[in-house]
Amino acid sequence: MTMNLELSDDIVELQSGMVTIWILGGYRVKLNNFEVHIINMRTRHIAVATVAMLKIQWIKNGRKAKRMLKPKIQEDGMHQIQLHNVDSVEVRRSNLFFTSLFQKPLRKDQIRLVIE
């Protein structure tokens, strides 16, 4: 499932287990205070996504992507995705230090999340 960073409170069906959240737009990603909460609609259990230990770079949906977050879903079912502190996320296209110094961060409407 792909979602816009500016829109939160999407409702999706998720299976129990570990879920991966990719940030699309570039390879240099700073989360700062950004958080993703996944709320089970039936039990109201909140899964807070933690930062992935291995931040893999890949191409998803034809765009640069970085695996950043790994929430653990307790039960199958419908879940609400809540994004907090969206303005604190910074994404730059290049992961190279000197190149990223001269790049402006992407606008929030250019950043997407993919939940798998």
Side-chain angles (χ1 to χ4, degrees):
M1 181 210 137
T2 302
M3 64 186 293
N4 189 333
L5 191 63
E6 293 180 318
L7 304 174
S8 65
D9 297 335
D10 280 358
I11 296 178
V12 296
E13 185 170 1
L14 297 173
Q15 303 298 317
S16 63
M18 293 301 289
V19 174
T20 301
I21 298 177
W22 296 80
I23 297 185
L24 275 63
Y27 290 144
R28 185 178 265 325
V29 177
K30 289 185 184 178
L31 295 177
N32 299 317
N33 296 323
F34 177 68
E35 290 184 348
V36 177
H37 295 180
I38 301 177
I39 303 168
N40 185 304
M41 298 299 288
R42 187 175 58 79
T43 64
R44 304 308 295 168
H45 178 266
I46 299 173
V48 178
T50 57
V51 177
M53 290 182 64
L54 295 174
K55 297 174 184 83
I56 297 172
Q57 297 177 165
W58 204 256
I59 299 291
K60 291 273 185 195
N61 300 339
R63 299 184 67 193
K64 292 180 178 181
K66 194 153 192 175
R67 181 177 75 178
M68 294 300 293
L69 300 166
K70 302 270 307 177
K72 182 171 181 167
I73 306 301
Q74 297 293 328
E75 293 184 36
D76 297 350
M78 300 303 289
H79 292 77
Q80 180 181 20
I81 312 294
Q82 290 185 345
L83 307 178
H84 300 277
N85 304 318
V86 173
D87 291 332
S88 70
V89 176
E90 285 184 30
V91 177
R92 296 175 195 263
R93 293 196 191 282
S94 177
N95 200 22
L96 299 174
F97 177 73
F98 287 111
T99 305
S100 65
L101 287 176
F102 300 104
Q103 292 178 335
K104 292 183 179 179
L106 296 177
R107 296 185 322 267
K108 300 305 177 233
D109 64 339
Q110 295 176 307
I111 302 170
R112 301 282 187 270
L113 297 181
V114 171
I115 300 172
E116 299 180 324

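For the numbers below, each heavy atom of this structure counts, side chains included, while hydrogens, waters and symmetry mates do not.
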Side-chain (Asn33) to main-chain (Asn85) donor-acceptor, under 3.5 angstrom: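 Judged by distance alone, no pair lies under 3.5 Å.
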Arg67 side chain to Leu54 backbone, donor-acceptor under 3.5 Å: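 At least one qualifying donor-acceptor pair exists.
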For [X] and [Y], which heavy atoms make the closest approach, and how far apart are they?
X	Y	result
Arg93	Lys64	O-NZ, 3.3 Å
Glu35	His37	OE1-NE2, 3.0 Å
Asn4	Leu83	O-CD1, 4.2 Å

Note, Leu69 side chain near Leu31 side chain (heavy atom, < 4.5 Å):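 Yes, close enough: below the 4.5 Å cut-off.
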For [X], enumerate each residue passing the side chain to side chain contact (heavy atoms under 4.5 Å, CB included) test, keeping only those at least two apart in sequence or located in another chain.
X	result
Asn95	Tyr27, Arg28, Gln57, Lys66
Val19	Pro71, Ile73, Ile115
Ser16	Asp76
Lys60	Trp22, Leu24, Trp58, Ala65, Glu116

Can you measure from [atom1] ([X]) to [atom2] ([Y]) and round to the nearest 0.5 angstrom?
X	Y	atom1	atom2	value
His79	Asn40	NE2	CG	4.0 Å
Ile38	Gln82	CD1	CD	10.5 Å
Met78	Leu14	CE	CG	8.5 Å
Met41	Glu13	CE	CD	12.5 Å

Result block: side-chain N/O donor-acceptor pairs under 3.5 angstrom for residues 42-51, not counting sequence neighbours:
from, atom 1, to, atom 2, distance (Å)
Arg42, NH2, Glu75, OE1, 2.3
Thr43, OG1, His45, N, 3.3
Thr50, OG1, Lys70, O, 3.3

Evaluation steps, side chain to side chain contact (heavy atoms under 4.5 Å, CB included), between Asn61 and Arg112: CA-CA 10 Å; Asn61 300 339; Arg112 301 282 187 270; over 6 Å; no
Shared hydrophobic cluster for Val12 and Met3 (ILVMFWY, side-chain gaps under 4.5 Å):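 Yes; tracing contacts between hydrophobic side chains, which count when under 4.5 Å, links both residues.
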Transitive ILVMFWY side-chain link Val86 to Val36, under 4.5 Å: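 Linked, Val86 and Val36 end up in one cluster.
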Count the heavy atoms belonging to other residues, nucleotides or ligands that lie under 6.0 Å from [atom1] of [X], then report whether that count exceeds 12.
X	atom1	answer
Lys30	NZ	no
Lys72	NZ	no
Met18	CE	yes

All pairs passing ring-ring contact (aromatic ring centres under 6.0 Å, His included) where residues 94-116 contributes a residue, at least two apart: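 Of all non-adjacent pairs touching residues 94-116, none passes ring-ring contact (aromatic ring centres under 6.0 Å, His included).
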